[in-house]
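The structure appears below as structure tokens.
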Amino acid sequence: MNNIKITLPDGSENEYPAGTTLIEIAKGISPRLGKEALVAKVNGQLMDMGSPIKKDASVEFLTFEDEEGKQVYRHSTSHVMAQAVQKLFPGVKFAIGPAINDGFYYDFDVIDTFTPDDLAKIEKEMEAIIKANLPFERFELPRPQALALFEESGQNYKVELIEDLPDDAILSFYRQGDFTDLCAGPHIPSTGRLRAVKLLNVAGAYWRGSEKNKMLQRIYGVSFPKKAMLDEYLFRIEEAKRRDHRKLGAELDLFSIQDEGPGFPFFHPRGMILRNELEKYWREEHQKRGYQEIRTPIILNRALWEQSGHWDHYRENMYFTKIDEADYAVKPMNCPGSIMVYNNRLHSYRELPIRLAELGLVHRHEMSGVLHGLMRVRCFTQDDAHIFMLPHQVREEITGVIDMIDDFYKVFGFSYHVELSTKPEKAMGADEIWELATGALRDALEAGGLNYKVNEGDGAFYGPKIDFHLEDSLGRTWQCGTIQLDFLMPEKFNLSYVGEDGQKHRPVMIHRVVFGSIERFIGILTEHYAGAFPAWLAPVQARVIPITDRHAGYAREVVGRLDKDGIRVDLDARSEKINYKIREAQAQKIPYMLVIGDKEVDHCAVAVRHRVRGDLGAIPIGEFEEKLLEEIRVKAY
RNA sequence: GCCACUAUAGCUCAGUAGGUAGAGCGCAUCCUUGGUAAGGAUGAGGUCACCGGUUCAAUCCCGGUUAGUGGCUCCA
């Protein structure tokens, strides 16, 4: 028998008889690898561990430590779940069951709805399947047999999937025990490799993700090779709940959303401090960068929205009203208003670019099911700006905005990723214009050396966009900043500037936001900092805590002095024990607590306690004040 | 909008085989004057989300509405 040569990632080579399986090779390298390897990459291609190798190849074994190993592990778990469901719910129809970010899901079509009790039963059944250590067996079928297999068993979703595969596709199947599924694979060697599985929740999900299709029942779950990893995952979920901006927003008295206005948040005094600080910073930065601030009306005539294209493309998201018999709309976007300002007089090419910024309150009718705290609301303030410019200024302006957004996010310590969104289905304008605009955005991204992913069909109806996505505490990402290049609105509104030649020309327009919406940004900030806002944003920056009533006089002096210098300070002069008052200040995540007793009164000092660093000892009041003002000035966090 | 679940005091949650409810925290008053995460006593707070049905009787059972939660779809 021939020998073949196997090359490992470290460059070492070994010879094996042709036809040796991957699992045997792994075991030969080390027993531990034999136990931990889930799949292998053979010449860059993922394969089952049971596959025999017949030719020379480079082989890399993947475990749960590898991203692709994780994917396979989770995907195999979804098959085990499907097998359990098949046993407990005869007649169930299977849709799809992929691995996802943290775990896996499988979509089922069943008559009864799954209850939490059912999940427990399914989990139990899964444990039995895992214990039985059933091998995952791969086999292939020609198309007619494959179709027959699923038609016979009434698996119409699988039939549909097969019909949509190209004619020359290899139809592979995986079987463990009495469960067989259409699947490209690969899979782990056997069900016994699974350890810690937990089913999390049931949710409705449309077949193929379209709301026109039937809604199926999706079960989400997670799966790990070690119990400790599952525990850690569950702990992370709990931690995320503690950081939830909706919970913290109520506890810290930042905002509320009430039945009288679903999706329309109320900002409380403390929340307004946050907002105002963000806006102050925003105004400073925009002034520095040559923006001029405007404010445009919230309600404008319907004719304007017909002209802008919103009437045709955005109507179902808009609110309407009547004034003196005429139709008006509440603005869902600020661009038409900004355009009205630009168009109010003639502009010379010498003036361009003109950067008009607006903290604009927009209203959008979002579907009731999508509302989510401050992250998804029905009215929000966009930190908008529209840049009107000459065609050759596009690149520089886009780069300027990209830099600005980066500067902003750095201040908060955010990491983000960038996406380029292209022409959507419900778009306005010709393909050539879209290609031109999309190309310009791509050029700017590449010139800036930014990594980005392309998000097909996700652009605005009037133009493609660059999106900046921030992560929240649950690892969900939220679109915040966007840059949209628009050749269409200038057309629709007949925008012009007078060029060097004395003729009228068409300017190009950029729409952009940095925070995105102030509301959403505050939600993300709250979770990011777990409510412990850096001093420059903290609604209360310092709390003065006298130990007994006889220290209250001096405490009031301290408060007066700090307050005079613009520090947000309050006083807790209640006749409570100091432990109690400190506990409360800690719970409210106030950055500094200034404890005042006899010693501090004698020395004109304050005993400083920081919410994280703890007791910092007594220092002269002036010294504390100086340090805090500096911390605020540099926006330290 | 769709699927599932939920709604009891300001907050977190008990509770009733159907007979109009209870704890802890918070709040108020008093006592306590205490050096870095809960001192004590007393007290006030609820049309049990809303509308209808079944019943002698509904917070509880049934239907609907509204809102919230987790997803799906959609989005800043």
Side-chain angles (χ1 to χ4, degrees), chain A residues 105 107 113-116 118 200-220 241 244 246-247 250-251 253 256-263 314 316-317 332-333 360 362 364-384 421 424 426 458 460 465 467-470 474 478-482 484 511 513-521 523-524 545-552 574-587 593-600 607-611 614-618:
Chain A
Y105 68 77
D107 286 346
T113 57
F114 294 123
T115 65
D118 291 334
L200 299 173
N201 49 14
V202 190
Y206 299 106
W207 166 236
R208 302 205 142 171
S210 166
E211 59 185 329
K212 293 187 184 83
N213 291 338
K214 179 164 186 182
M215 183 161 271
L216 309 172
Q217 291 189 68
R218 174 173 298 177
I219 301 179
Y220 284 94
K241 276 188 196 153
D244 192 313
R246 292 166 300 185
K247 189 175 159 62
E251 281 171 11
D253 200 15
S256 60
I257 298 176
Q258 317 203 19
D259 287 2
E260 288 74 4
Y314 211 73
E316 67 278 18
N317 279 303
M333 295 186 195
V362 297
R364 296 183 184 176
H365 181 240
E366 300 291 349
M367 289 195 288
S368 58
V370 306
L371 302 177
H372 181 89
L374 289 181
M375 303 291 205
R376 198 68 190 276
V377 290
R378 283 179 171 154
C379 78
F380 56 98
T381 307
Q382 291 185 304
D383 63 317
D384 219 338
S421 295
K426 281 180 67 181
D458 210 34
K465 55 182 185 172
D467 299 325
F468 293 76
H469 295 253
L470 298 179
L474 275 166
W478 295 94
Q479 189 183 312
C480 290
T482 79
Q484 308 174 352
H511 312 238
V513 288
V514 181
F515 292 138
S517 101
I518 308 277
E519 289 76 5
R520 175 177 290 183
F521 201 78
I524 293 172
I545 303 177
I547 290 175
T548 75
D549 292 349
R550 69 176 178 280
H551 307 116
R574 293 175 303 172
S575 53
E576 289 292 349
K577 284 199 165 187
I578 182 153
N579 284 334
Y580 183 86
K581 294 199 236 184
I582 289 207
R583 181 186 147 82
E584 198 155 284
Q586 285 284 156
M593 288 150 266
L594 306 177
V595 176
I596 287 172
D598 290 336
K599 281 179 276 181
E600 287 73 27
V608 180
R609 178 191 167 95
H610 183 264
R611 65 183 168 204
D615 191 349
L616 302 178

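Chain letters run A, B, ... following the sequence lines, proteins first and then strands; every chain starts at 1.
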**Fill in**
In this structure, CZ of Arg364(A) is separated from CD of Glu316(A) (nearest 0.5 Å) by 12.0 Å
**Complete:** Heavy-atom nearest pair, Arg609(A) first then Gln586(A), reads NE-OE1, 2.9 Å
**Prompt:** So what does Ile578(A) touch, heavy atoms closer than 4.0 Å: a base, only the sugar-phosphate, or nothing?
**Reply:** sugar-phosphate
**Request:** Represent RNA chain B in dot-bracket notation, 5' to 3'. Only Watson-Crick or G-U wobble pairs with both distances under 3.5 Å count; pseudoknot-style crossings use [ ] and interstrand partners use |.
**Result:** (((((((..((((.....[..)))).(((((.......))))).....(((((..]....))))))))))))....
**Complete:** Rounded to the nearest 0.5 Å, the OG1 atom of Thr482(A) sits from the CG atom of Asp384(A) at a distance of 8.0 Å
**Request:** Check the distance between U69(B)'s P and Leu371(A)'s CG and give it to me in whole angstrom.
**Result:** 8 Å
**Prompt:** Is the glycosidic torsion of G40(B) within 90° of 0, making it syn, or is it anti?
**Reply:** anti
**Message:** Between U69(B) and A57(B), how far apart are the two C1' atoms, rounded to whole Å?
**Reply:** 34 Å
**Complete:** With sequence neighbours left out, the residues meeting ring-ring contact (aromatic ring centres under 6.0 Å, His included) with Phe380(A) are none
**Request:** Grab the CG-C1' distance between Asp253(A) and C27(B) for me, whole Å please.
**Result:** 15 Å
**Request:** Let me know the distance between CG of Asn213(A) and P of G71(B), rounded to the nearest Å.
**Result:** 22 Å
**Request:** Quote, to the nearest angstrom, the C1' distance that separates A38(B) from A21(B).
**Result:** 28 Å
**Item:** Full working for side chain to side chain contact (heavy atoms under 4.5 Å, CB included) between Val202(A) and Thr113(A)
**Value:** CA-CA 9 Å; Val202(A) 190; Thr113(A) 57; over 6 Å; no
**Request:** Take atom C1' in U8(B) and the same atom in A14(B), then report the distance between them in whole Å.
**Result:** 10 Å
Provide a list of protein-nucleic acid N or O atom pairs under 3.5 angstrom, restricted to nucleotides 5-14 of chain B.
none

**Prompt:** Do the side-chain N or O atoms of Arg246(A) get closer than 4.0 angstrom to the phosphate oxygens (OP1, OP2) of U69(B)?
**Reply:** yes
For nucleotides 38-45 of chain B, print each protein N/O atom paired with a nucleotide N/O atom at under 3.5 Å, atom names and distance only.
from   : atom 1 : to        : atom 2 : distance (Å)
A38(B) : N7     : Arg583(A) : NH1    : 3.1
A38(B) : N7     : Arg583(A) : NH2    : 3.4
A38(B) : N6     : Arg583(A) : NH2    : 2.5
A38(B) : N1     : Arg583(A) : NH2    : 2.9

**Request:** Describe the nucleic acid contact of Phe521(A) in one word from base, sugar-phosphate, nothing, applying a heavy-atom distance below 4.0 Å.
**Result:** nothing
**Message:** As an exercise, state the distance from CZ of Arg246(A) to CD of Glu251(A), rounded to the nearest 0.5 Å.
**Reply:** 12.5 Å
**Message:** Let me spell it out: for each of Asp259(A) and Asp598(A), pick the nucleotide of RNA chain B with the closest heavy atom. Which residue's pick is nearer the 5' end?
**Reply:** Asp598(A)
**Message:** When you compare the side chain of Leu470(A) with that of Phe521(A), does any pair of heavy atoms fall below 4.5 Å?
**Reply:** yes
**Prompt:** What distance do Glu600(A) atom CD and Leu594(A) atom CG have between them, rounded to the nearest 0.5 Å?
**Reply:** 10.0 Å
**Asked** Contact class for Glu600(A) vs. all strands (heavy atom < 4.0 Å): base, sugar-phosphate, or nothing?
**Response** base
**Met215(A) CE - G71(B) P separation (whole Å)** = 14 Å
**Message:** Mind checking if Ala205(A) touches a base, just sugar-phosphate, or nothing, with heavy atoms under 4.0 Å?
**Reply:** sugar-phosphate
**Request:** Round to a whole Å and report the spacing from CD1 of Ile545(A) to C1' of G35(B).
**Result:** 11 Å
**Prompt:** Quantified in whole Å, what is the C1' atom distance between nucleotide U65(B) and nucleotide C56(B)?
**Reply:** 28 Å
**Request:** Tell me whether the OP1 or OP2 atom of U29(B) has a side-chain N or O from Arg574(A) closer than 4.0 Å.
**Result:** no
Check nucleotides 73-76 of chain B for protein N or O atoms closer than 3.5 Å to its own N or O atoms and list the pairs.
from   : atom 1 : to        : atom 2 : distance (Å)
U73(B) : O2'    : Glu211(A) : OE2    : 3.2
C74(B) : O2     : Arg376(A) : NH1    : 3.4
C74(B) : O2     : Arg376(A) : NH2    : 2.5
C74(B) : N3     : Arg376(A) : NH1    : 2.9
C75(B) : O2     : Arg376(A) : NE     : 3.2
C75(B) : O2     : Arg376(A) : NH1    : 3.4
C75(B) : O2     : Arg520(A) : NH2    : 3.4
A76(B) : OP1    : Lys465(A) : NZ     : 3.2
A76(B) : OP2    : Lys465(A) : NZ     : 2.9
A76(B) : OP2    : Gln479(A) : OE1    : 3.4
A76(B) : O3'    : Gln479(A) : O      : 2.6
A76(B) : O3'    : Gln479(A) : NE2    : 3.0
A76(B) : O2'    : Gln479(A) : O      : 2.5
A76(B) : O2'    : Arg520(A) : NH1    : 3.1
A76(B) : N6     : Glu366(A) : OE2    : 3.4
A76(B) : N6     : Val377(A) : O      : 2.7
A76(B) : N1     : Val377(A) : N      : 3.3

**Message:** From C-beta outward on Pro262(A), which listed nucleotide comes closest to its side chain: C3(B), G68(B), G34(B)?
**Reply:** G68(B)
**Message:** Apply salt bridge (charged side-chain N to carboxylate O under 4.0 Å, His left out) to residues Asp458(A) and Lys465(A) and explain how you reach the verdict.
**Reply:** CA-CA 8 Å; Asp458(A) 210 34; Lys465(A) 55 182 185 172; 5.2 Å; no
**Exercise: identify the closest heavy-atom pair between Gln484(A) and Ala460(A)** = OE1-CB, 3.9 Å
**Fill in**
Heavy-atom nearest pair, Cys480(A) first then Arg520(A), reads SG-CD, 4.3 Å
**Message:** For G70(B) and His372(A) - does any side-chain N or O of the residue sit under 4.0 Å from the phosphate oxygens OP1/OP2?
**Reply:** yes
**Asked** What integer distance in Å separates Asp549(A):CG from G34(B):C1'?
**Response** 10 Å
**Asked** When the P atoms of C31(B) and A58(B) are considered, how many whole Å apart are they?
**Response** 47 Å
**Test salt bridge (charged side-chain N to carboxylate O under 4.0 Å, His left out) applied to Glu260(A) - qualifying residues, sequence neighbours left out** = none
**Message:** Taking only the P atom of each, what is the distance from C60(B) to A9(B) in whole angstrom?
**Reply:** 15 Å
**Message:** Without decimals, in angstroms, what is the distance between Asp107(A) CG and G70(B) P?
**Reply:** 19 Å
**Message:** Minimum heavy-atom separation for Gln217(A) and Phe114(A), please, with both atom names.
**Reply:** OE1-N, 2.9 Å
**Message:** Taking any heavy-atom pair under 4.0 Å as a contact, classify Ala250(A): base, sugar-phosphate, or nothing.
**Reply:** nothing
**Asked** Closest nucleotide of RNA chain B for Met593(A) versus for His365(A): which of these residues is on the 5' side?
**Response** His365(A)
**Asked** Between C30(B) and G35(B), how far is it from one P atom to the other, in whole Å?
**Response** 23 Å
**Complete:** Rounded to whole Å, NZ of Lys599(A) lies from P of U36(B) at a distance of 9 Å
**Complete:** Checking G35(B), A37(B), C72(B) against the side chain of Arg609(A) (C-beta onward), the nearest is A37(B)
**Asked** Mind checking the P distance from C27(B) to G34(B)? Whole angstroms is fine.
**Response** 22 Å
